[in-house]
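Report on one structure; see the data block that follows.
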Amino acid sequence: MNNITTLLDPLNQQQRQAVTAPLEHLLVLAGAGSGKTKCLTHRIAWLIETNQAGPHNILAVTFTNKAANEMRYRIESLIQRPTRGLWVGTFHSIAHRLLRIHWEEAQLPQTFQILDSDDQLRAIKRIIKALRLDEKTWSPKQAQQFINARKDDGIRPKDIVAEPQDDWLVQMHNIYQTYEQDCQRSGLVDFAELLLRNYELLRDNSTIREHYQQRFLFIHVDEFQDTNTIQYQWLRFLTGEQGKLFVVGDDDQSIYGWRGARIENIQNFSHDFLNTQIIRMEQNYRSTGTILAAANALIAHNQGRLGKNLWTQDSAGDPIYLYAAYTETDEAQFVVEKIQAWRGQLKDIAILYRTTAQSRQFEEAILQKGIPYRIYGGLRFYERLEIKDMLAYLRLPFHRNDDGAFERIINTPKRGLGDRTVETLRGIARQQNLSLWQAAQIAIDTKQIKARASHNLSTFLNLIEQLAQHKDLPLHEQVQQTQMASGLQPHYQKEGKVEAQRRLENLEELINAARQFEQNHQGSQTLLADFLDHAALEAGERQSGRFDDCIQLMTLHSAKGLEFQVVFLCGLEEGLFPHQNSLEEAQLEEERRLCYVGITRARQRLYLSHSESRYRYGQRDSSTPSRFLGEIPPEHLQSLRPRSAKPLTQTHNYQIGQRVKHRQYGIGTIINKEGQGKLARIQIQFKHQPQWLLAAYARLEKL
DNA sequence: GTGGCGTGGCTTTTT
DNA sequence: GCCACGCCAC
């Protein structure tokens, strides 16, 4: 009993209500910083501690490995024992786990391999080539998006009806179909396929479905607003008639619509799952009153919300500072100055921006001052070139028909097997519907390639045969041996450049990762296969920070779920944020949610900035402040004047119909005026097209 | 097989 | 303006 008190004591009234809610479906609308993870983990611990559920009756699903790991750790701390039988994982890892168990019913080979996005793109490229389509017209990236979007919606090639005159759809369909056949033939499963296959498995197999429905009586979902169609349907099957869903999410933080997330899933939840109780957690433990007021006011501009208003017991705090920069360099300069004036830890500061490209100006400015920083983004450990090559060397000996792995390493390091040879092999493979491995053997036997290449090819095939003999070594030794024998390590050693040195370090790190994995998975009969799955499903850390205490630079998307004492939200300009490509109503609302996410990352102090002009695609363009700035009540904002030059003219000096001269655009007429004061904008019809300009800084000459 | 040049595209990202 | 990629020439 004592334990239950400890479980419930740290909770506020809404949190406690959610944690101890009756065993029915529950939708927790958890605002930013309201204790979402706490709510989930305490609910699960509460179910166990009150003996209402055994751990093996509980399933908890997240989107990221990070969230899954944290949840497991926190549950274990709460119940003070390992969570045996309790499944906690990402949608993908749980789907993968089920497919490994039920591979046969899912019509997969037992040894199916996971294809990451990069592998998938390469596979699609191969197919487009094989279909003799022009890569410019039929871009592999577009095809990849097409395929994944269909899969996210549960659409198979056979479900697509393409009218013959719809050339685009006909070809996309064609590529999708070929891709699906190829994957099936070689036993490859991409990320979207993991979910779709799983959904179909439950849909088509009542024995399996009922088994898991009876087992997982309590299903918990984190970040529910990010679920896509197939994840939602999968949850419906898994829940069945008896299961109870406990979902936590925030429709106002749905920012992944562009990759298939359906905000409707949270909006319609109580229609699809009857007797759903809805609990709102609106008390915020993160930000000042002012920051919350700004966030609330901004998000109120969205339609069709489930509705929520964040509040705090804390004080209003500082105003939100607004800086109107002249240029992106000026903007970065401003941020750096404020950082230098900060007396706390650097890791409490985040610079957030809409697009990755914006990071450079900040990086340069920070670098100049020698302030330690860390940029999120970039390649993850298992995505690195040399690591992927190595993984291919580990895979091919045991999956000879894996064309992706074959193509990746046939000439890495260089061994005289260039495009000509590979093209010949592809031709043979295509003609006889074989894998490249099989084609290679035929090519040698039938002397379809020249003597030298043939000799090199035999050497390569022998190498792979030889690598297969390492299978009984401990995993890390197997990795080590393969690195040497493949020639990859000696290759980088010979090169001796700084770049090569880094790659060598990464290869070394892979051996460590293998050793670690061995220790964590003792007794597994399929260690190498498990390791390869792990590499695909958990891409590992991004570029590791060399410093513990450093400024955090990241896109708004990567900032979700994090919090900082000080946040700089930069580039608040029309066309950049909201982004040019997101000006349609539905997308605009997602941009606004993104802005809401950004604002609510700040605990204590928030700086907003925009620039009067900005380099875009090699041109300096003038830009107007983001409409989102106008949606924040001015009383919460405090403008900081730019340090150099003063505004040349006051807004109220301009009249509609007035003729003006701009140093860049020439002579024009004012046709529109919007807003007041510093953020006011005027629209001017110049010779070619109308331009919106920030009135205060437009540097216009009256005529 | 490699390096150099030209062209296109250019929002966000996890698994 | 910058980068990535494809093609072509050596």
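Here is the naming used below: chain letters follow the sequence lines, and residue numbers restart at 1 for every chain.
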TODO: For A/Ser582, report the nucleic acid contact type (base, sugar-phosphate, nothing); a contact means any heavy atom under 4.0 Å.
DONE: base
TODO: Nearest-nucleotide wise, let me know which of A/Thr356 and A/Ser93 is further upstream toward the 5' end of DNA chain B.
DONE: A/Thr356
Task: Separation of the P atoms in B/dT12 and C/dC5, to the nearest angstrom - done: 15 Å
Contact list (N/O, under 3.5 angstrom) for nucleotides 1-4 of chain B vs protein:
from	atom 1	to	atom 2	distance (Å)
B/dG1	OP1	A/Leu417	N	3.4
B/dG1	OP1	A/Gly418	N	3.0
B/dT2	OP2	A/Lys414	NZ	3.3

TODO: Kindly say if A/Thr355 contacts the phosphate of B/dC10, meaning a side-chain N or O under 4.0 Å from OP1 or OP2.
DONE: no
- [ ] Could you name each residue pair satisfying salt bridge (Lys or Arg N to Asp or Glu O under 4.0 Å) that touches residues 108-117 of chain A, not counting sequence neighbours?
- [x] A/Asp116-A/Lys388
- [ ] For A/Gln231, report the nucleic acid contact type (base, sugar-phosphate, nothing); a contact means any heavy atom under 4.0 Å.
- [x] nothing
Task: A/Phe531 and A/His534 aromatic ring geometry - parallel, tilted or perpendicular at 30°/60° bounds - done: parallel
Task: Those residues that, when tested against A/Tyr393, pass side-chain hydrogen bond (donor to acceptor under 3.5 Å, both in side chains) (two or more places apart) - done: A/Arg415
TODO: Verify the contact: side-chain N or O of A/Arg380 to OP1 or OP2 of B/dT13, cut-off strictly under 4.0 Å; return yes or no.
DONE: no
Open item on the list: Going by the rule side-chain hydrogen bond (donor to acceptor under 3.5 Å, both in side chains), which residues pair with A/Ser359 if we only count those two or more places apart in sequence or in a different chain?
Closed with: none
Open item on the list: Can you confirm whether or not the ring centre of A/Trp87 sits under 6.0 Å from the ring centre of A/Phe216?
Closed with: yes
- [ ] Would you mind reading off the distance between A/Glu538 atom CD and B/dT15 atom P, rounded to a whole angstrom?
- [x] 8 Å
Task: Pi stacking test for A/His92 and B/dT15: under 5.5 Å apart, planes under 30° - done: no
Open item on the list: Suppose we screen for ring pair (Phe, Tyr, Trp, His ring centres under 6.0 Å). Which residues come up paired with A/Tyr607, at least two apart in sequence or across chains?
Closed with: A/Tyr321, A/Phe334, A/Phe568
Task: Short side-chain N/O contact to B/dT14 OP1/OP2 from A/Asn65, under 4.0 Å - done: no
Task: Qualifying residues under ring pair (Phe, Tyr, Trp, His ring centres under 6.0 Å), relative to A/His301, sequence neighbours excluded - done: none
Task: For A/Phe577, all residues meeting ring pair (Phe, Tyr, Trp, His ring centres under 6.0 Å), sequence neighbours excluded - done: A/Phe628
- [ ] Quick one, give me the B/S/- string for nucleotides 2-10 of chain C, reading 5' to 3', where B means a protein heavy atom under 4.0 Å from the base and S means that only happens at the primed atoms, P, OP1 or OP2.
- [x] S---S----
Task: Verify stack between A/Phe63 ring and B/dT14 base, 5.5 Å, 30 degrees - done: no
- [ ] State whether the distance check finds a donor on one side and an acceptor on the other, under 3.5 Å, for side chain A/Thr64 versus base B/dT15.
- [x] no
Open item on the list: Going by side-chain hydrogen bond (donor to acceptor under 3.5 Å, both in side chains), name the residues that satisfy it together with A/Thr355, two or more places apart in sequence or in a different chain.
Closed with: A/Gln358
- [ ] Measure from CD1 on A/Ile255 to C1' on B/dT12 and round the result to the nearest Å.
- [x] 8 Å
Open item on the list: Measuring only the P atom in each nucleotide, how far is B/dT13 from C/dA4? A whole number of Å is fine.
Closed with: 16 Å
